[in-house]
Amino acid sequence: MVTNLPAAPTPDDAALWHAGRLYLTDQRRLPERAEFLVLDDARSVAIAIRDMVVRGAPAIGVAAAYGVVLAGRDAYQSAGAGWKEAITPDLDQLREARPTAVNLAWAVRRMARLIAALDGADPAPALLAEALAIHAEDRAANRRMGDLGAELITGRTDIITHCNAGAIATGGYGTALGVVRSAYAAGKIGRVYADETRPWMQGARLTAWELMHAGIPVTLQADGAAASLMAGGGIGWVIVGSDRIAANGDVANKIGTYGLAVVARYHGVKVMVAAPTSTIDMELASGSGIPIEERDPEELLSCGGRRLAPAGCAARNPVFDVTPAALVDAIVTERGVVLAPNAAKMRALMG
Ligand code: MRU
């Protein structure tokens with residue numbers, strides 16, 4: 001909860017609760033415009049998640065938790081003591097807003113567990129306390145992952161990152177970019193090469209903005225430039241986030257991560273995945289069970305409102321892919337680091 005809203009959102013302000021309303025930084029407008037969208041009901045939050053006003057696995061979990069607060073407030077206003085039945089459609093809509101990032105379902109499930117324990121009285125104060133806890137825990141987890149991930153980097157190196165797994169994609173500080181922040185502060189990173197991340201351009205629009213804001217040297221590159229950069233030497237790590245990690249350590253992340261990991265292995269570059277345990281789905285034995293979101297092909301056929309491909313051209317737009325655990329050198333969570341992940345090590349981490 002913030003008492004004073006910042007005049008303009010910073011990378012740490014993906015989602016803020018202020019005076020009974022949810023403020024989301026509209027990530028579709030960054031970096032040209034940094035402005036909040038103000039939301040008053042759960043339906044608007046679900047639409048904002050679907051439309052990528054807020055994106056990044058942990059950030060959509062945080063936003064959904066605040067969405068449940070709004071849902072509880074409305075359900076109590078309309079149904080009084082019968083609010084628990086009235087809230088169900090909103091919970092479903094929030095949970096289904098996007099399919100791949102498990103943090104969304106995780107956050108709604110955690111809020112639903114609390115709902116089950118409440119009585120017919122006004123649920124808003126208890127729901128808000130839980131949403132604020134989810135938000136604060138995510139920030140704390142990112143700080144911890146930052147320290148643990150930075151420890152894995154020995155010496156000074158340049159790194160490549162893909163998509164945006166930064167403060168703006170989380171409750172604050174960032175997962176992959178949290179590691180980058182901590183490692184840079186420790187003098188271990190010279191420069192970050194940010195893949196532009198076609199087609200939604202999270203790297204060009206968000207990672208470049210965020211790292212420049214933090215004063216960390218960043219160079220943007222086309223996704224296809226990563227292989228030749230690695231071949232030239234000087235890249236020690238690829239550091240990325242994740243939207244869902246299966247029980248065997250397979251990692252779903254932004255489309256292109258898999259290719260990057262294959263290329264990294266060929267060149268002897270290590271791959272680090274930084275993600276809180278809320279991203280780990282122990283119910284899925286392997287990555288083949290992870291639902292991969294397909295978005296509107298128009299995202300691919302046009303760029304910045306300008307049509308690129310010929311009219312009638314077919315296009316496919318899966319927005320995530322799965323990197324097999326065998327290509328991952330380290331999964332960094334707030335509970336600890338799993339090197340060369342496999343099912344037994346993931347089980348040990350998750351207890
Ligand atoms: O489609 P997006 O922008 O929500 O995809 C985000 C990613 O793939 C991130 O790398 C992932 O959520 C990790 S964010 C800390």
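What you see below is based on every heavy atom in this structure, not just the backbone, and it leaves out hydrogens, waters and symmetry mates. Both counts, for ligands and for their atoms, begin at 1 and track the order of listing.
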> How close does the nearest protein non-hydrogen atom get to atom 11 (C) of ligand 1, and which residue and atom is it?
Replying inline: Asp243 OD1, 3.2 Å
>> Within ligand 1, which atoms have a heavy atom of Lys254 less than 4.0 Å away?
In response: 1 (O), 2 (P), 5 (O), 8 (O)
> Does Arg244 come within less than 4.0 Å of Asp281, counting only side-chain N to carboxylate O?
Replying inline: yes
> Less than 3.5 Å between some nitrogen or oxygen of Thr170 and one of ligand 1, yes or no?
Replying inline: no
> What is the closest protein heavy atom to atom 9 (C) of ligand 1, and at what distance does it sit?
Replying inline: Asn253 OD1, 3.5 Å
> Stepwise, does the side chain to side chain donor-acceptor pair (under 3.5 Å) test hold for Ser286 with Asn248?
Replying inline: CA-CA 6 Å; Ser286 78; Asn248 68 344; 4.7 Å; no
> Which heavy atom in Pro6 sits nearest to a heavy atom in Leu16, and how many Å separate them?
Replying inline: CD-CD1, 3.8 Å
>> Quick check on contacts: which atoms of ligand 1 are under 4.0 angstrom from a heavy atom of Phe320?
In response: 1 (O), 5 (O), 8 (O)
> Do any nitrogen or oxygen atoms of Thr175 lie less than 3.5 angstrom from nitrogen or oxygen atoms of ligand 1?
Replying inline: no
>> Under 4.0 Å from a heavy atom of Asn164: which atoms of ligand 1 are those, numbered in the order shown and with their elements?
In response: 9 (C), 14 (S)
> Relative to the heavy atoms of Ala169, which atoms of ligand 1 are at a distance of less than 4.0 Å?
Replying inline: 14 (S), 15 (C)
> Is Val102 reachable from Leu284 through a run of I, L, V, M, F, W or Y residues, each pair having side-chain heavy atoms under 4.5 Å apart?
Replying inline: no
>> Looking only at distances, can you tell me whether any N or O atom of Cys163, backbone or side chain, sits closer than 3.5 Å to an N or O atom of ligand 1?
In response: no
> Please walk me through it: do Arg307 and Glu298 pass salt bridge (charged side-chain N to carboxylate O under 4.0 Å, His left out)?
Replying inline: CA-CA 9 Å; Arg307 182 90 188 173; Glu298 203 48 45; 3.2 Å; yes
> So, are Glu210 and Arg181 salt-bridged, with charged N and O less than 4.0 Å apart?
Replying inline: yes
> Would you say the side chain of Arg55 lies within less than 4.5 Å of the side chain of Cys163, judging by non-hydrogen atoms?
Replying inline: yes
> Counting only heavy atoms, which portion of Met52 has something under 4.0 Å from ligand 1: side chain, backbone, both, or neither?
Replying inline: side chain
> For ligand 1, which atoms have a heavy atom of Gln202 less than 4.0 angstrom away?
Replying inline: 1 (O), 2 (P), 3 (O)
>> Counting C-beta onward and ignoring hydrogens, is there a side-chain heavy-atom pair between Thr175 and Thr170 closer than 4.5 Å?
In response: yes
> Can you list the ligand 1 atoms lying under 4.0 Å from a non-hydrogen atom of Pro58?
Replying inline: 14 (S), 15 (C)
> Atoms of ligand 1 less than 4.0 Å from Arg98 heavy atoms?
Replying inline: 1 (O), 2 (P), 4 (O)
> Against heavy atoms of Ala57, which atoms of ligand 1 measure under 4.0 Å?
Replying inline: 12 (O), 14 (S)
> Are any of the side-chain heavy atoms of Val179 and Trp237 separated by less than 4.5 Å?
Replying inline: no
